[in-house]
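One structure is given here, and the rest of the page talks about it.
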Amino acid sequence: ELVTNAIRHTHGPGRVRLVHGPHGLDVEVSDASRILPQPRLVEAGASQSGRGLAIVAVLCDTLSVTLDLGSGKTVHAHLPPAPRAPESVRPAANTGRRPRTW
């Protein structure tokens, strides 16, 4: 979503940086525009467009924007690690039966 926004709403070069570690995933998307992203309030039944930044904000621990020296900006997002299932939870044994679908 952040990369799509950079491509769609800015002109010029961009950069993506991903850093994965034990504390989650850091995402940085830089572009040549100094215009700050603006989250939109979207009404029920409105177009699907304009919801991405709000969704990113909900999924992330932090979401921020830094104006870069010279020109451009970097959008920073930190996604926490996914919760782990307890070790007591194991996949079901193969019983030979076909899985039920509906």
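- In terms of heavy-atom proximity, P80 sits nearest to L59 at CD-O, 3.7 Å.
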- Before giving the answer on side-chain contact (heavy atoms from CB on, under 4.5 Å), spell out for D31 and K73 the whole-Å C-alpha distance, their side-chain angles and the decisive distance to 0.1 Å. CA-CA 6 Å; D31 61 55; K73 68 179 171 299; 2.9 Å; yes

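- When hydrophobic clusters are built by joining Ile, Leu, Val, Met, Phe, Trp and Tyr residues whose side-chain heavy atoms come closer than 4.5 Å, directly or via intermediates, V19 is not grouped with V3.
- Between L67 atom CG and I35 atom CD1 the span is 11.0 Å, to the nearest 0.5 Å.
- A single hydrophobic cluster is seen to contain both L18 and V29, as judged by linkage of ILVMFWY side chains at heavy-atom distances under 4.5 Å, directly or through other members.
- Residues P37 and N5 form no side-chain contact, since every pair of their non-hydrogen atoms from C-beta on lies 4.5 Å or further apart.
- Under a hydrophobic-cluster definition in which Ile, Leu, Val, Met, Phe, Trp and Tyr are linked whenever side-chain heavy atoms come within less than 4.5 Å, directly or via other members, L53 and I55 are assigned to the same cluster.
- Within a 6.0 Å sphere centred on CZ of R34, other residues, nucleotides and ligands contribute more than 12 heavy atoms.
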- Starting from the C-alpha separation in whole Å, work towards a yes-or-no answer on side-chain contact (heavy atoms from CB on, under 4.5 Å) for V56 and L63. CA-CA 8 Å; V56 170; L63 179 63; 4.1 Å; yes

Which pairs of donor and acceptor atoms, one on a side chain in residues 20-28, lie under 3.5 Å apart (sequence neighbours left out)?
| residue | atom | partner | partner atom | Å |
| --- | --- | --- | --- | --- |
| D26 | OD1 | H78 | ND1 | 2.8 |
| E28 | OE2 | H76 | ND1 | 3.4 |

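- Separation of atoms CZ (R17) and OG1 (T74) is listed at 10.0 Å; rounding is to 0.5 Å.
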- Give the intermediate values and the outcome of side-chain hydrogen bond (donor to acceptor under 3.5 Å, both in side chains) for residues S33 and T10. CA-CA 6 Å; S33 172; T10 68; over 6 Å; no

